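Ligands are counted one by one from 1 in listed order, and the atoms in each one are counted from 1 as well. Please read all numbers here as calculations on a predicted model, not as lab measurements. All values below were derived from every heavy atom in this structure, side-chain atoms included, with hydrogens, water molecules and symmetry-related copies excluded. Numbers for residues simply follow the sequence, beginning at 1.
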Amino acid sequence: MAALCRGRHRWKGLKGLLVFTRNFTGRYDYDLVVIGGGSGGLACSKEAAQLGQKVAVLDYVEPTAKGTKWALGGTCVNVGCIPKKLMHQAALLGTAIKDAKKYGWQMPETVHHDWATMAEAVQNHVRSLNWGHRVQLQDKKVKYLNLKGSMLDEHTVRGLSKAGKETILTAKNIVIATGGRPKYPTQIPGAVEHGITSDDIFWLKRAPGKTLVVGASYVALECAGFLTGIGLDTTVMVRSVALRGFDQQMAGLVTDYMEAYGTRFMWRSVPKRVDKLSSGTLQVTWSDTETGREHKDTYDSVLWAVGRAPETKALGLDKLGVQLNKQSGKILVGPDESTSVPNVYAFGDISEPYCFLNSSGGCASPWLYICLLASRPNTKGKRTEEKIFQMIALLCIIRD
Ligand code: NAP
């Protein structure tokens, strides 16, 4: 009721009245609206639809600073695990070609890698997955809406199209699974104007050339690994240690191997500025944190891999009272992925502390929807204990 009152103040005119009437009568457009069509959001929406729920999923990609955009499927499919693994495969094949000579294969003396061919193949594969996801949603009768979703109240979602057209949806339950995007160090002059992130690298039409990768965690090392493997001059700029939070003995083995494989490491260095020279190359100025001395070198590309951030601001959660971690900006959830607002759930990279990696998104979402179903009253208006026990048993199987 509180939400209805808030909604009444916020909403004026016929549209607001419609939402009010729907909420008041308890009739919603959907049983479940999912904001975010990545691994978690897609798995959850399909699972819910299979359990007989009326479901809509909203997905919208805000283009990067460089204008890169992609389609349905989220980070993993478009700018994460999938293209990354394919580009690693390209690098591994290059290594195998070199090894093959020693095993008697007659090869030309020099073998060149063509980025454009690889990128086209990777991008076509990703597009086929985008299409596959759309077909799966259609088959499972999940309504897909290419709209940017935000919350108006705990039962109402506002979808905005690229052209600015607004669509209002009401739902009994709402799931937020919008993930995160790479961060730019905006305090460094030239970082945004001249740099790229992992949201761009997989969609480049031309090879990035001599590349400086800034950052030394997962994303940085993964990208530096395949760039080196396909023969590009690649340097990793490390501020402190590599793979912070991991066993440092193991981290050392990884960076030693990468160095032996050809990746350069610039230890204890922090970037200061990036300038574009008249030749088109990028001049990077950095300082050595031990000596304080400044250095410069030129690169064709600068890839920032300095962490990822959730996109909670545009979701309108502050007005709703959904609790966030003020530092990380992530939505605080319980073990059942519930937020501080009833009927609103969140999972994946947007939430904490129970954050699942992409690959487990498919497991995280059935868990959520089973909990939702278990708490749903039966047709006589009472909770069925038997149903709850069945759900718990199923949960244990999924979790195992
Ligand atoms: P991250 O783990 O947050 O690490 C950020 C890196 O950037 C650190 O090395 C950090 O150095 C450095 N850094 C931050 N600000 C900097 C600055 N201004 N100048 C220089 N260096 C700076 O970020 P990430 O690698 O982008 O990964 C993001 C998330 O994605 C992680 O949670 C990761 O687990 C996840 N991920 C998962 C997978 C997978 O499942 N396969 C793959 C990729 C990513 P310090 O250590 O000195 O702070």
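Atoms of ligand 1 lying under 4.0 Å from any heavy atom of Arg308, numbered from 1 in the order shown and given with element: 28 (C), 29 (C), 30 (O). The atoms of ligand 1 that sit less than 4.0 Å from any heavy atom of Lys84 are 41 (N). Near Arg244, meaning under 4.0 Å from one of its heavy atoms, ligand 1 places the atoms 45 (P), 46 (O), 47 (O), 48 (O). Against a heavy-atom cut-off of under 4.0 Å, Ser217 is close to the following atoms of ligand 1: 1 (P), 2 (O), 4 (O), 6 (C), 9 (O), 25 (O). Here is the list of ligand 1 atoms found below 4.0 Å of a heavy atom in Ala305: 6 (C), 7 (O). Heavy-atom proximity to Ser240, at under 4.0 Å, picks out these atoms of ligand 1: 45 (P), 46 (O), 47 (O).
For atom 36 (N) of ligand 1, the candidate residues are Tyr184, Trp304, Tyr218, Phe246; the nearest heavy-atom contact is made by Tyr218.
Ring planes of Tyr218 and Phe246: perpendicular class, angle over 60° (limits at 30 and 60°).
In terms of modelled atom types and a separation under 3.5 Å, the side chain of Arg268 and the main chain of Glu290 share no donor-acceptor contact.
Open room surrounds NZ on Lys276; 12 or fewer heavy atoms of other groups in view lie less than 6.0 Å from it.
Note on Lys210 versus Asp297: salt bridge recorded, some NZ/NE/NH1/NH2 to OD/OE distance being below 4.0 Å. By the 4.0 Å N-to-carboxylate-O rule, Asp199 lies too far from Lys66 to be salt-bridged with it.
Evaluated for a side-chain contact (heavy atoms from CB on, under 4.5 Å) with Trp203, the options Ile196, Asn78, Val122 yield exactly one hit, Asn78.
Of the polar atoms of Val214, none of the N or O atoms is found under 3.5 Å from an N or O of ligand 1, judged by distance alone. In terms of N/O distances under 3.5 Å, ligand 1 is not approached by Pro271.
When non-hydrogen atoms are compared, ligand 1 lies under 4.0 Å from neither the backbone nor the side chain of Met237.
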Side chain to side chain donor-acceptor pair (under 3.5 Å) between His295 and Asp288: does it pass, once the steps are laid out? CA-CA 8 Å; His295 302 273; Asp288 182 316; 4.7 Å; no
